[in-house]
Every structure is written in structure tokens, then in C-alpha cells.
Amino acid sequence: MTAFRWRAQARSGRARAGYLDTAHGTVATPTFMPVGTVGTVKAMTMDAVRSTGAGIVLGNTYHLMLRPGAERVRALGGLHRFMDWPGPILTDSGGFQVMSLGPLRKLDADGVTFRSHIDGSKHRLTPERSTDIQHALDATISMCFDECPALPAPAEAIAQSMRMSMRWAERCRTAFVARPGYAQYGIIQGGTEPQLRAESVRALTDIGFEGYAIGGLAVGEGQELMFSTLDVTVGLIPDDAPRYLMGVGTPDDLLGAVERGVDMFDCVMPTRAGRTARAYTERGTLNLRNARHATDSRPISPHCDCLACSRHSRAYLHHLFRANEMLGPMLLTWHNLAYYQRLMRGIRAAIVDGTLPEHAACLRAQWAMEDWSPDEMPFPDIPPVP
């Protein structure tokens with residue numbers, strides 16, 4: 001069976017292109033993972049997700065343990081079969097979701113006791129239990145159970161939290177069942193404190209994981225501080241291991257993080273935006289609810305071959321959202337995920353070709369431009385509205 005490994009293909013500065021070999025297939029990196037929290041990418045069939053070019057998706061331990069339950073998923077053939085995704089699946093450990101419950105959870109040195117946000121039922125998650133659930137789901141990549149403290153916070157509180165997460169990481173590693181082609185990632189914590197990030201990396205590399213994630217960022221600290229934290233952290237991660245930045249982000253965030261050596265990303269932004277009428281394009285974002293789109297016969301983007309752009313106009317999408325038709329969020333989610341995958345393919349190709357600095361400058365210049373003018377994007381199949 002295929003061994004789990006990351007293989008380098010090309011580099012441009014600190015940016016790198018490569019391949020992630022897993023038991024469920026190979027993924028080209030850098031890569032963006034659509035978020036399928038409860039076994040589905042919201043508003044999408046898995047065929048639609050595949051059509052965007054996605055190679056790996058994300059699920060979540062907390063949500064799947066509550067509904068339908070990890071043992072039920074295992075009895076039904078595992079998460080790959082359950083959600084019709086034979087490719088690699090990464091499962092978040094549930095730590096972030098549990099820590100976000102506020103008064104509904106109680107933290108101690110052994111784990112977290114919490115009440116379900118669904119029905120108030122009482123549950124317990126420990127490093128071992130989180131690891132066991134991810135094994136039951138048959139996650140290709142399992143994540144360590146950790147605490148993600150809210151920022152800003154005093155440095156001492158961040159240090160205590162990080163060190164507890166490192167103790168939990170050791171317990172997760174002991175509980176992990178090693179199999180060819182499967183992996184467990186340790187999660188680097190430490191807020192925006194450089195010395196704490198370095199301490200966290202040392203602790204995790206001493207334990208030894210197949211990959212390393214950078215957690216606790218994109219939680220309100222701002223892009224500049226996030227990037228400076230990545231500048232300190234990424235270079236400390238073993239060069240032959242995949243690097244995953246959790247919960248990030250905007251197209252500009254992704255580009256900046258790739259330039260700093262990150263390989264993997266996930267974020268709800270493109271799917272959430274699709275459900276709220278916001279479209280990502282090469283010229284920034286569009287709000288399809290705005291009245292200016294009501295008579296616009298053009299597609300969202302002339303460079304996109306998704307169903308929303310190849311078959312429909314902005315005017316039609318505007319109408320769907322104004323009429324509260326579910327097809328609007330479906331089509332726009334499809335478009336946004338297609339844009340994110342196209343963005344990552346372009347960045348990856350530029351790394352391989354040795355043109356990343358020029359490509360990055362072009363992307364940023366385009367994001368700063370106004371929307372497409374009519375003569376830049378003819379749409380001959382739909383006559384203009386008088």
C-alpha cells in the first residue's frame with residue numbers, strides 16, 4: 001500500500017510545489033481543502049466538488065460524533081463511502097469547536113466535558129477519544145486534539161494553553177493507529193509569540209508526526225501579524241513534512257502563506273460567501289444581491305468554466321438570491337470553490353515554472369482593479385438587456 005509522504009517538485013523562494021501521497025490517492029500541493037464539516041460540502045454534491053478540481057476535503061470530529069455518530073459511520077463503511085468521496089479526507093479534531101462553546105464546556109488537564117449545541121446532551125472529548133473517533137471515521141489525515149485559546153490573551157495564558165496542547169499531542173500520538181498511507185498531524189500553537197511557537201514546534205517534532213499544522217491564527221490578529229508569525233514558524237517545521245495552515249483564508253491570505261512555505265489550507269470563506277451572494281473573482285468580490293446586477297447579462301467571470309459562469313448570467317443569479325431560491329447558493333458556492341481551486345492551480349504552476357514573483361504581483365494587481373468592463377468579457381450567448 002502507498003506510504004504517506006510529501007514529495008517536493010519545485011521551489012520558488014520559500015514557496016514549494018509537491019505531491020502528497022496517501023492511502024486514498026495523491027494530491028498536488030499547495031492545495032485548498034473544501035470544508036465538509038458534517039460529511040457534506042454545503043450546497044454541493046460531491047460530483048460538483050470533484051468538478052472544481054479539489055483533491056482533498058475536510059470533515060470534523062465534533063460535528064460527526066454528535067450526528068450521526070462515528071460508530072454509525074464506521075458501520076456504514078467509513079466516511080469516504082458515507083459521503084461519496086473516495087479521495088483523501090482530513091478530519092479536524094474537534095478542539096476548536098469545543099473550545100468555542102464557552103459556558104457549555106469545562107476544560108481540565110485530561111480533556112473537555114461539554115454539552116451539545118444541538119440538544120444539550122453531555123459529552124466528553126479527550127486526546128484519546130478524539131483520535132479514536134477519527135480512526136472510526138477512517139480519516140486519511142487525523143489531527144491532534146488541542147486547545148485553541150481566543151486572542152488577544154496574556155502571554156502566560158497562551159503558554160499554559162500551548163504546553164497543555166503539547167501534552168495532549170503526545171497522548172494523541174500514542175493513541176494513533178499507524179497504517180500505510182495514513183497520517184496524524186501535530187498542531188503548532190503559541191499565539192503570536194515567536195518563542196512559544198518555536199517551543200511548540202520543538203515539542204511536536206520531538207514526538208514526531210507525519211505532518212504539522214499551524215493553528216491559532218486567523219482569529220482576529222490581522223494579516224500582518226499572521227504573516228509575521230508564519231515567517232517565524234514555517235521555517236522551523238521539518239522540510240520533508242507537509243505544512244498546513246488551519247482555517248485560512250482569503251485569496252490574498254493563501255497567496256501570502258504559500259510564499260512563506262505553506263502547503264495546505266482550509267476555510268469556510270468560499271462556501272459561506274456562496275450562500276450569502278458573494279462571489280470571488282480575479283477582480284475581487286461581487287455582491288450578487290446588488291441592484292446593479294439585475295440586468296447584467298455577463299457571467300461572473302470570463303475565465304471560469306463552472307456551471308454558474310458557463311450557463312448563467314449575473315442577472316439570473318441576482319434573481320435567484322432576491323427570490324430566495326436555493327439554486328442561487330448552490331451555483332455561487334460552485335463558482336467560489338472553482339475559483340479557489342483555479343487560484344491554487346495557477347500559484348502551483350507559477351512555482352513549477354519559476355515565475356511566482358511575477359504571478360503574485362499580477363494577482364495582487366488584478367484584485368485591486370475594478371470589476372470587468374463589458375468589452376473585456378463578451379457573453380454572446382445571451383443578448384444584452386435593453
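Just so we're clear, the structure is a prediction, and the values are computed from it rather than from any experiment.
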* To do: Take Gln189 and Ser200, measure what side-chain hydrogen bond (donor to acceptor under 3.5 Å, both in side chains) needs, and give me the verdict at the end.
  => CA-CA 6 Å; Gln189 290 289 355; Ser200 183; over 6 Å; no
* Give, for atom OG1 of Thr31 and atom CZ of Phe265, the distance between the pair rounded to the nearest 0.5 Å. => 9.5 Å
* Considering residues, nucleotides and ligands other than Arg67, do more than 12 of their heavy atoms fall under 6.0 Å from its CZ? -> no
* Does one side chain, of Ser373 or Glu376, offer a donor that lies under 3.5 Å from an acceptor on the other? -> yes
* Please name the residue in the list Trp367, Tyr340, Trp334 that meets the ring pair (Phe, Tyr, Trp, His ring centres under 6.0 Å) test with Tyr280. => Tyr340
* Asked: Of the non-hydrogen atoms in Leu332 and Ala279, which two are nearest, and what is the gap between them?
  -> CD1-CB, 3.6 Å
* To do: Kindly indicate whether the side chain of Phe209, heavy atoms from C-beta on, has any atom under 4.5 Å from the side chain of Met143.
  => no
* **Donor-acceptor under 3.5 Å (Ser130 side chain, Phe145 main chain)** => no
* To do: May I ask you to check whether Tyr62 and His117 place their ring centres under 6.0 Å from each other?
  => yes
* Measure the CZ-CE distance between Arg167 and Met162 for me, rounded to the nearest 0.5 Å. => 10.0 Å
* Cation-pi, Phe227 ring and Arg260 (6.0 angstrom, 45 degrees) -> yes
* Return yes if some donor-acceptor pair links the side-chain N/O of Trp85 with the main-chain N/O of Leu79 below 3.5 Å, else return no. => no
* Structure fact -> Minimal heavy-atom distance between Gly190 and Ile158, with the atoms involved, is C-CG2, 3.4 Å
* Any side-chain donor near an acceptor of the partner, Ser301 and Glu282, under 3.5 Å -> yes
* Is Arg283 close enough and on-axis enough to Trp372, meaning under 6.0 Å and within 45°, for cation-pi? -> yes
* Asked: Should the pair Asp110-Arg129 be classified as a salt bridge under the 4.0 Å nitrogen-to-oxygen rule?
  -> no
* To do: Ignoring hydrogens and angles, state whether a donor on the side chain of Arg197 or Thr233 is under 3.5 Å from an acceptor on the partner side chain.
  => no
* To do: Decide if atom CZ of Arg7 counts as having more than 12 heavy atoms of other residues, nucleotides or ligands within a radius under 6.0 Å.
  => yes
* Counting distance only, does the side-chain N/O of Arg5 pair as donor-acceptor with the main-chain N or O of Glu210 below 3.5 Å? -> no
* Check whether the side chains of Asp21 and Thr26 place a donor and an acceptor atom closer than 3.5 Å, and report yes or no. => yes
* **Nearest non-hydrogen partners of Gly39 and Met83, listed with the distance** => O-CB, 3.2 Å
* Report, as yes or no, whether the 6.0 Å neighbourhood of atom CZ on Arg81 holds more than 12 heavy atoms from other residues, nucleotides or ligands. => no
* Asked: What distance do Thr140 atom OG1 and Ile56 atom CD1 have between them, rounded to the nearest 0.5 Å?
  -> 6.5 Å
* Considering residues at least two apart in sequence or located in another chain, which fulfil the salt bridge (charged side-chain N to carboxylate O under 4.0 Å, His left out) criterion with Arg348? -> none
* Asked: Between the main-chain N or O of Arg289 and the side-chain N or O of Asn287, is there a donor-acceptor pair closer than 3.5 Å?
  -> yes
* To do: Please assess His335 against Thr333 for the test side-chain hydrogen bond (donor to acceptor under 3.5 Å, both in side chains), listing each intermediate value before the final yes or no.
  => CA-CA 5 Å; His335 166 80; Thr333 298; over 6 Å; no
* Are Asp252 and Thr250 close enough, and set up right, to give a side-chain hydrogen bond (donor to acceptor under 3.5 Å, both in side chains), and what steps lead you there? -> CA-CA 5 Å; Asp252 192 39; Thr250 67; 5.5 Å; no
* To do: Please tell me if the side chains of Phe176 and Ser142 come closer than 4.5 Å, counting only heavy atoms from C-beta onward.
  => yes
* To do: Check for a donor-acceptor pair, side chain of Arg115 on one end and backbone N or O of Gly120 on the other, with a separation under 3.5 Å.
  => yes
* For atom CD of Glu170, decide whether the heavy atoms of other residues, nucleotides or ligands shown that lie under 6.0 angstrom number more than 12. => no
* To do: Would you indicate whether Arg272, at its atom CZ, is surrounded by more than 12 heavy atoms from other residues, nucleotides or ligands within a distance under 6.0 Å?
  => no
* **Lys NZ or Arg CZ of Arg16 over Trp6 ring: under 6.0 Å, within 45°** => yes
* To do: Flag this pair as yes if the NZ/CZ of Arg342 is under 6.0 angstrom from the six-membered ring centre of Tyr339 and inside a 45 degree cone about the axis; otherwise no.
  => no
* Would you call the rings of His80 and His24 parallel, tilted or perpendicular if under 30° counts as parallel and over 60° as perpendicular? -> parallel
